[in-house]
2 protein chains.
Amino acid sequence: MSIGFTVTATDGAARAGVLRTAHGDVDTPVFMPVGTAGTVKAMTADSVRAAGARIVLGNTYHLMLRPGAERIARLGGLHRFMDWPGPILTDSGGFQVMSLSKLRKIDRDGVTFQSHIDGSSHRLTPARSIEIQHLLDSTITMALDECTPFPATPDQARESMALSMRWAALSKEAFVTRPGYGLFGIVQGGVYPDLRAESAAALGGIGFDGYAVGGLAVGEGQDMMFSVLDSTVPRLPTESPRYLMGVGTPDDLVGAVTRGIDMFDCVMPTRAGRTARAYTSRGVFNVRNARFADDGGPIDPDCACPACTRHSAAYLHHLFKAEEMLGPMLLTWHNVFYYQSLMAGLRVAIQAGRLGGHAAALRAGWMATGEDAG
Amino acid sequence: MSIGFTVTATDGAARAGVLRTAHGDVDTPVFMPVGTAGTVKAMTADSVRAAGARIVLGNTYHLMLRPGAERIARLGGLHRFMDWPGPILTDSGGFQVMSLSKLRKIDRDGVTFQSHIDGSSHRLTPARSIEIQHLLDSTITMALDECTPFPATPDQARESMALSMRWAALSKEAFVTRPGYGLFGIVQGGVYPDLRAESAAALGGIGFDGYAVGGLAVGEGQDMMFSVLDSTVPRLPTESPRYLMGVGTPDDLVGAVTRGIDMFDCVMPTRAGRTARAYTSRGVFNVRNARFADDGGPIDPDCACPACTRHSAAYLHHLFKAEEMLGPMLLTWHNVFYYQSLMAGLRVAIQAGRLGGHAAALRAGWMATGEDAG
């Protein structure tokens with residue numbers, strides 16, 4: 001068999017479960033830190049593990065351009081390259097081709113584009129995307145799709161979704177099945193429930209090891225995102241893991257877990273860590289704020305990460321003011337730790353059948369002192 | 001008593017010993033990584049410890065300007081601020097006032113300068129430098145001196161040295177003696193043996209817990225530096241630790257240890273780590289070099305640091321090409337680890353009475369494959 005997934009508890013639509021892979025087990029719901037170019041930015045692999053992460057994401061687009069998929073394969077695969085023996089999920093490259101590359105041209109069979117690094121020309125097809133992810137030795141491979149932009153008319157969204165479904169089938173054909181490795185399909189269809197339903201049905205017909213919801217968190221807003229989940233998630237196979245791509249804030253995660261999502265990835269905690277934004281049990285704030293200059297307490301009194309147990313908010317404030325690399329290093333660690341703790345808390349709450357109360361308590365904490373709801 | 005120092009073995013002029021301080025013991029000869037602004041750049045305090053360092057240096061000039069000495073005192077001192085419970089040596093601020101600040105004006109009693117950060121005006125006197133270092137809770141305080149520039153005429157060097165000796169006496173007066181804390185004087189005198197001898201005698205007359213040789217590694221070259229050490233070190237008290245400030249390359253360290261120096265600090269390993277330069281048992285090289293792109297082996301096969309035991313040279317090469325923060329993080333760790341291992345090896349060699357052979361073997365290794373002798 002490919003990867004395994006067992007739901008161990010439910011609470012309303014929310015589920016807790018275990019994902020079983022060739023590179024180890026992962027408790028769900030789970031948040032995957034993003035390791036774009038073979039590194040979770042500003043963290044060693046050890047610190048990513050110590051922060052509680054059990055699966056990380058790699059970006060096919062970045063890695064195919066630099067250092068190159070064939071090179072990583074020669075060097076023993078991405079796990080060895082980045083010293084991450086645990087599971088790795090790789091995206092298909094499609095999203096970043098559209099958002100980062102220059103002079104991209106999409107056609108029925110794939111997309112031709114120029115590298116944002118050196119302008120060199122490349123082509124990504126479903127077969128090549130799957131081959132690259134195989135070369136990387138990705139634990140969970142994503143089908144190549146087109147992330148439908150927002151806003152899109154119903155016709156645009158339908159056409160885009162149809163292309164993604166065609167590519168999903170070609171991705172499935174190209175995927176080499178191995179024990180403990182899996183391939184996920186991606187539901188598209190914009191904000192249109194009928195298109196999402198059609199896409200979910202098409203993917204179910206092809207048959208995947210997991211189902212992602214793509215094309216969200218692209219500007220539609222949280223209400224619309226949750227509305228799409230409300231209509232889409234019930235149409236996904238109950239026995240397979242469900243992955244909401246590129247999401248999101250702590251509040252997004254709680255709302256999506258409540259709606260039955262099992263897996264997440266987002267650059268938010270790592271990117272915020274580099275720009276002095278702290279995600280905490282008391283909300284989101286910027287540690288550059290002058291009110292922290294003499295604050296001898298931790299940035300989050302409820303947090304057990306090294307930044308909080310060993311250092312004052314004043315120290316982190318100083319590091320960012322002095323533009324010391326340790327500022328982003330410590331705050332990224334904190335944010336990743338916070339996200340992992342958040343997910344662990346949600347898992348426990350689901351197991352205990354008290355997700356609603358737990359979510360309400362989390363939201364009350366975020367509103368207490370944070371500068372925004374983040 | 002203040003700090004203690006015991007010489008446990010000698011090999012020619014070289015000594016191995018133990019420095020006993022309020023914040024723990026330190027085996028000598030020792031290299032102190034530089035933690036300029038309250039952080040050894042690109043490393044957590046844990047990784048500095050794990051790399052083998054037992055004492056670090058802090059910069060009075062940087063810390064007095066940002067976040068401020070009084071603030072650090074209110075927050076519990078520099079040890080607590082940067083999570084470094086071990087010994088900390090702070091410089092006097094004099095060197096950086098002259099090299100970094102704007103519109104500095106030196107007079108008989110001190111120096112007035114403008115901050116390089118915000119242009120604000122400050123004054124540093126021997127008493128204020130000692131007070132700042134007290135506020136920082138520095139384990140080893142350095143007397144305020146003027147680092148004589150190179151080149152300097154004999155008259156210039158004499159005048160500068162005389163000022164430093166005057167300030168040394170004032171520093172001693174201002175220093176508050178506490179058990180396990182110490183004050184070091186700094187020998188000046190440029191490249192002139194008679195001035196160095198006069199300075200050493202003056203400091204010995206005042207009486208310090210340790211004696212530094214300052215004003216070297218400022219452009220005079222290694223041969224001249226060693227020549228100054230040859231004439232100066234024998235004039236320093238045998239029973240006190242000797243500290244060569246701001247030095248240097250691995251080869252500098254071996255040469256100075258051979259000449260009886262016990263303590264060193266330098267930004268070289270940390271600065272090099274941020275610019276892709278690796279110090280290794282095989283010499284110095286830049287990991288950006290294309291020859292590492294497919295190198296699956298470690299950057300130093302003889303090194304036990306995480307960068308070498310867990311990652312390939314190809315991975316480090318990739319991280320620097322991709323401008324990932326983990327590149328400087330891992331390579332700084334490696335370089336600090338290499339410097340600590342180098343010093344540990346010298347200590348063992350001195351204890352075993354085979355420093356000469358050990359030094360020759362080290363130099364042979366550096367010449368083997370490195371791009372330069374570093």
Side-chain angles (χ1 to χ4, degrees), chain A residues 35-48 50 62-63 65-68 70-72 74-76 78 80-85 117-118 270 273-274 292-297 306-307 309-319 321-330 332-333, chain B residues 35-48 50 62-63 65-68 70-72 74-76 78 80-85 117-118 270 273-274 292-297 306-307 309-319 321-330 332-333:
Chain A
T36 305
T39 158
V40 175
K41 287 183 193 298
M43 297 185 79
T44 64
D46 266 356
S47 60
V48 175
H62 288 278
L63 294 168
L65 296 182
R66 185 172 57 195
E70 277 75 8
R71 171 169 286 145
I72 289 180
R74 283 195 302 273
L75 291 164
L78 186 56
R80 182 164 164 191
F81 192 58
M82 63 187 288
D83 186 33
W84 181 265
I117 299 168
D118 62 6
T270 42
R274 299 195 300 284
F292 296 113
D294 283 293
D295 185 346
T309 55
R310 301 193 180 175
H311 293 294
S312 60
Y315 185 62
L316 277 111
H317 174 82
H318 164 68
L319 293 175
K321 295 292 274 189
E323 298 182 0
E324 286 287 349
M325 215 179 287
L326 187 58
M329 288 165 61
L330 286 177
T332 300
W333 192 329
Chain B
T36 305
T39 157
V40 175
K41 289 184 191 296
M43 296 185 79
T44 64
D46 266 356
S47 60
V48 176
H62 287 278
L63 293 168
L65 295 182
R66 185 173 55 195
E70 277 74 9
R71 171 170 285 145
I72 288 180
R74 283 196 303 274
L75 291 164
L78 185 55
R80 181 165 165 190
F81 191 57
M82 64 187 288
D83 185 34
W84 180 265
I117 299 168
D118 61 7
T270 41
R274 300 195 299 284
F292 296 113
D294 284 292
D295 186 346
T309 55
R310 301 193 180 175
H311 293 294
S312 59
Y315 185 62
L316 276 112
H317 174 83
H318 164 68
L319 293 175
K321 296 292 275 189
E323 297 182 0
E324 286 285 349
M325 215 178 286
L326 187 58
M329 289 165 61
L330 286 176
T332 300
W333 192 329

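A quick note: this is a predicted structure, and the numbers were derived from the prediction, not measured. Chain letters run A, B, ... following the sequence lines, proteins first, then strands; residues in each count from 1.
Using a 4.5 Å cut-off between heavy atoms, Ile72(B) does not touch chain A at all. In this structure, the portion of Arg74(A) lying under 4.5 Å from any heavy atom of chain B is its side chain and not its backbone. Heavy atoms closer than 4.5 Å to chain B are found nowhere in Pro306(A), neither backbone nor side chain. Proximity to chain B (any heavy atom under 4.5 Å) is shown, for Ala45(A), by neither the backbone nor the side chain. With a 4.5 Å cut-off on non-hydrogen atoms, Ile117(A) does not touch chain B at all. For chain B, the nearby part of Met43(A) is the backbone; its heavy atoms alone come within less than 4.5 Å.
Atom CZ of residue Arg80(B) and atom CZ of residue Arg310(A) lie 14.5 Å apart, to the nearest 0.5 angstrom. Taking OG of Ser47(B) as the reference point, atom CE of Met329(A) lies at 6.0 Å (rounded to 0.5 Å).
Between chain B and the residues His62(A), His317(A), Met82(A), the most heavy-atom pairs under 4.5 angstrom are made by Met82(A). With respect to chain B, the highest number of heavy-atom pairs below 4.5 Å among Gly68(A), Ala314(A), Pro67(A) belongs to Pro67(A). Chain A forms more heavy-atom pairs under 4.5 Å with one residue of Gly38(B), Ala42(B), Gly296(B) than with any other, namely Ala42(B). The candidate with the highest count of non-hydrogen atom pairs below 4.5 Å against chain B, out of Asp294(A), Val40(A), Thr44(A), Thr36(A), is Asp294(A). Contacts with chain A were tallied for Leu319(B), Leu326(B), Asp295(B); Leu326(B) has the most, counting heavy-atom pairs under 4.5 Å. Options Pro328(A), Ala322(A), Gly76(A) differ in how many heavy-atom pairs under 4.5 Å they form with chain B, and the most are formed by Ala322(A).
Between Leu75(B) and Ala293(A), the shortest heavy-atom contact is CD1-O, 4.4 Å.
The distance between the ring centers of His311(A) and Phe81(B) does not fall below 6.0 angstrom.
Between the side chain of Arg66(A) and the main chain of His318(B), no donor-acceptor pair closer than 3.5 Å is present.
A 6.0 Å sphere centred on NZ of Lys321(A) holds no more than 12 heavy atoms belonging to other residues, nucleotides or ligands.
Annotation: side chain of Tyr315(B) is in contact with side chain of Thr39(A) (closest heavy-atom distance under 4.5 Å). You'll find the side chain of Met325(B) reaches within 4.5 Å of the side chain of Arg274(A), heavy atoms only.
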